[in-house]
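Here the structure comes first, spelled out in structure tokens, and everything after it is commentary.
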Number of protein chains: 2
Amino acid sequence: MPQTKVVSLEKLKTACKNCGLAKLCLPLGLENNDIERLDAIVQRNRPLHRGNHIFQTGSRFGSIYVVKSGTIKSYTQCPNGTEQVVGFHLPGEVVGLDGIETGKHICSAKALETTAVCEVPFSRLEELTATVPGLQHQMFRLMSKEISKETGLMVLLGKSTAEERLAAFLLSLSVRFHSYGFSSTEFNLSMSRREIGSYLGLALETVSRLFTHFQEERILEVDRKHIKILEVDRLFQLLSDQNGCLERLQHPHNTETPGQ
Amino acid sequence: MPQTKVVSLEKLKTACKNCGLAKLCLPLGLENNDIERLDAIVQRNRPLHRGNHIFQTGSRFGSIYVVKSGTIKSYTQCPNGTEQVVGFHLPGEVVGLDGIETGKHICSAKALETTAVCEVPFSRLEELTATVPGLQHQMFRLMSKEISKETGLMVLLGKSTAEERLAAFLLSLSVRFHSYGFSSTEFNLSMSRREIGSYLGLALETVSRLFTHFQEERILEVDRKHIKILEVDRLFQLLSDQNGCLERLQHPHNTETPGQ
DNA sequence: CGCGTTTTTGAAACCGGTCAAACTCGGTGG
DNA sequence: CCACCGAGTTTGACCGGTTTCAAAAACGCG
């Protein structure tokens, strides 16, 4: 392997720190200048405060966003006032793909805590994906992953009990935190019980009861927003008993290299 | 407008008849030879019989498929034997996008009746999307639509009652049949009560009861697989009462031209 | 015609939702 | 410094929609 490859990887790591989207390029070994070109179109906005919106339902779609730190909640507002959470986005994850089809966002996205995002203007990204073939493939993969993730959630919401849903949710968070370099067993929930419930199709009281139940069972230690997972295996058991198919669908983060 | 444009549209219609994917190009006005190139990579396989698989869970991903006629069901098999339906695909709709990310399909797809599909080898499609910029955008739109559709279903499964789910399902079928040139008020269900229930997260008995209930209410006429919608408005009412947000999410088939 | 599959219908059990009240915590202002 | 307030959470009791179990009926197919 020539020296340029090493330099390229070094560049990549820097770019990766700047913007989670660059992670996409890693399996691909893009050329030096390609990475710079990707990096160049990324806009780094100032951090969002709790409650700030990235975009709202119906607003014009122009960019996709990569979470650098913090948490983004995407949700829809029903006419009767209640909101329905459709996703939580952790560092490294992408928000806003829903708007591509119609040119308008079909849901709103707001920060649950102080959050930094990278804005990637979509038209400029498309120019780039057209000229960098590997990048196009990565975009397809990214969107395919989003589809798989939602399919998994569908299965969860369609078949599972409240217990299974919360277990799956906690494991999903655990896996995702881990893959982004945080602890997989101890973390803070940035969302409320109500928001978890909305996401999982449960009443907030049910979520609360389940947390205390898991604590009584010594599966978790719960202190308000702080979660410590004591027995991951028992959480997994709760899923695999009924819905083994979830493991496949729910955790698309065991990213193996494609076509290999 | 020059003559070539007219010829182009003529070609398009032919291509459209051959393969639903070509529909994607319509809003774009692709050049003559571009359409031919798209058309050239499409493989037309012989019709599938009821029960035949297009692909199965874990099999290598190589192509996406466009339904020409009939119905495809995509589903996952849980280890305890029960299956979970994750989608029904009508003529004009695409199957197999889930496999792009990992290179393996995460669900199985089989024909519910005699069904014809076009096979589009993905690597060749990618070559084409890289050289035909408009086609790339259409692919992004297609995948974005898939994401929106699943988001809508998530909301449906998370919040709604059994009645609302079946109403949404019937309306979704109605809209889709209509947009593909069939009657929007009278059609045959190619799937069983059990499959509908699995898809909507309900027991098959519940689905059956709801059909008789809708019939008693004179909203539907049901004769086994044959459905006649008597009062579309009342079906819509069932949704809008609680979940007005579904209208936006559930029916991404009101395709307006993007960015306009 | 007879068999198996699908659908319908009934009755009982249960999970989770709803309503209501108590409690905790963080923040604010007297 | 503490009393107060409101949002978020916990806990309890009750209710209702769905599931489950069971059996009969309808239909499709050989």
Side-chain angles (χ1 to χ4, degrees), chain A residues 49-51 71 73 78 80-85 112-113 156-169 188-217 220-227 238 241-243, chain B residues 49-51 73 78 80-85 112-114 156-169 188-217 220-227 238 241-243:
Chain A
H49 298 117
R50 175 181 169 79
T71 315
K73 168 182 85 173
C78 297
N80 59 359
T82 62
E83 74 171 36
Q84 165 74 36
V85 176
L112 287 180
E113 58 190 318
L156 190 70
L157 295 179
K159 258 229 184 28
S160 311
T161 66
E163 205 176 40
E164 289 164 342
R165 292 184 201 192
L166 190 61
F169 177 69
N188 282 304
L189 300 173
S190 50
M191 63 293 283
S192 69
R193 304 285 191 263
R194 174 183 298 278
E195 286 165 332
I196 295 173
S198 171
Y199 180 62
L200 296 176
L202 301 170
L204 68 140
E205 294 95 328
T206 308
V207 175
S208 175
R209 272 184 255 269
L210 283 170
F211 271 125
T212 58
H213 174 239
F214 282 156
Q215 187 156 26
E216 286 165 359
E217 293 276 313
L220 300 180
E221 261 176 27
V222 185
D223 177 23
R224 203 153 172 83
K225 300 270 187 190
H226 189 82
I227 302 290
L238 286 175
D241 284 351
Q242 284 280 337
N243 309 315
Chain B
H49 298 116
R50 175 179 167 81
K73 167 182 86 172
C78 295
N80 60 0
T82 63
E83 75 171 36
Q84 166 73 36
V85 177
L112 286 181
E113 56 189 321
T114 304
L156 189 70
L157 295 179
K159 260 230 183 25
S160 312
T161 66
E163 205 177 39
E164 288 163 344
R165 292 184 201 192
L166 190 62
F169 177 69
N188 282 304
L189 300 172
S190 49
M191 63 293 283
S192 68
R193 304 286 192 261
R194 174 184 297 279
E195 287 165 330
I196 296 172
S198 171
Y199 181 63
L200 296 177
L202 301 170
L204 69 137
E205 293 94 331
T206 308
V207 175
S208 174
R209 271 184 255 269
L210 283 171
F211 271 124
T212 57
H213 174 238
F214 282 157
Q215 186 156 26
E216 286 167 358
E217 292 277 313
L220 299 181
E221 260 176 28
V222 184
D223 176 23
R224 199 152 174 85
K225 301 270 189 192
H226 189 82
I227 302 289
L238 286 174
D241 284 352
Q242 284 279 336
N243 308 315

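The figures that follow rest on heavy atoms only: side chains count, while hydrogens, waters and symmetry mates do not. Below, chains carry the letters A, B, ... as their sequence lines are ordered, and counting in each starts from 1.
For A/K225, no side-chain nitrogen or oxygen approaches OP1 or OP2 of C/dC25 to under 4.0 Å. Phosphate proximity of C/dT9 to B/S208: absent, as no side-chain N or O sits under 4.0 Å from OP1 or OP2. At the phosphate of D/dT10, OP1 or OP2 sits under 4.0 Å from a side-chain N or O atom of A/R193. Between D/dT9 and A/R224, no contact under 4.0 Å exists linking OP1 or OP2 to a side-chain N or O. Put simply, A/T206 has no side-chain N or O that comes within less than 4.0 Å of OP1 or OP2 on C/dG16.
Counting only distance, with no hydrogens or angles, the side chain of B/S198 and the backbone of B/V85 share a donor-acceptor pair below 3.5 Å. With B/R50 contributing its side chain and B/T114 its backbone, the two residues share no donor-acceptor pair below 3.5 Å. Side-chain atoms of A/K225 come within 3.5 Å of backbone atoms of A/M191 as a donor-acceptor pair (strictly under, hydrogens ignored).
Rounded to whole angstrom, the span from the CD1 atom of B/I196 across to the C1' atom of C/dT7 amounts to 12 Å. Between the NE2 atom of B/H226 and the C1' atom of D/dA26 there is a distance of 18 Å, rounded to whole Å. Atom CG in B/L210 sits roughly 14 Å away from atom P in C/dT7 (whole-Å rounding). Between B/L200 atom CG and D/dT19 atom C1' the separation is 15 Å, expressed in whole Å. Summarising the geometry, the separation between CG on A/L189 and P on D/dT9 is reported as 9 Å, rounded to the nearest angstrom. In this structure, A/L202 atom CG and C/dT18 atom P are separated by 11 Å, rounded to whole Å. Whole-Å rounding puts the B/L166 CG to D/dG17 P distance at 17 Å. Straight-line distance from the CG atom of B/L204 to the P atom of D/dA25: 19 Å, rounded to whole Å.
Looking at B/E83 and B/K73, a side-chain N of the basic residue comes within less than 4.0 Å of a carboxylate O on the acidic one, giving a salt bridge.
In the helix from C/dC1-D/dG30 to C/dG30-D/dC1, the rotation axis of the first five pairs and that of the last five pairs differ in direction by 30°, rounded to 10 degrees.
Checked against C/dG16, D/dT18, D/dT20, the side chain of A/T161 finds its nearest nucleotide in C/dG16. Closest to the side chain of A/E205, out of D/dT11, C/dG17, D/dT18, is D/dT11.
Note that the CD atom of A/E164 and the CG atom of A/L210 stand 11.0 Å from one another [nearest 0.5 Å]. Atom CG of residue B/L220 and atom CG of residue B/L166 lie 7.5 Å apart, to the nearest 0.5 angstrom. Between the CD atom in B/E195 and the CG atom in B/L189 there is a gap of 10.5 Å [rounded to 0.5 Å].
Open room surrounds CZ on B/R194; 12 or fewer heavy atoms of other groups in view lie less than 6.0 Å from it.
The base of D/dT20 sits with one of its N or O atoms less than 3.5 Å from a complementary donor or acceptor on the side chain of B/R209. Applying the 3.5 Å distance criterion, the base of C/dC15 shares no donor-acceptor pair with the side chain of A/E163.
Residue contacts for B/G201: at a heavy-atom cut-off of 4.0 Å it reaches the sugar-phosphate backbone alone, with no base atom in range.
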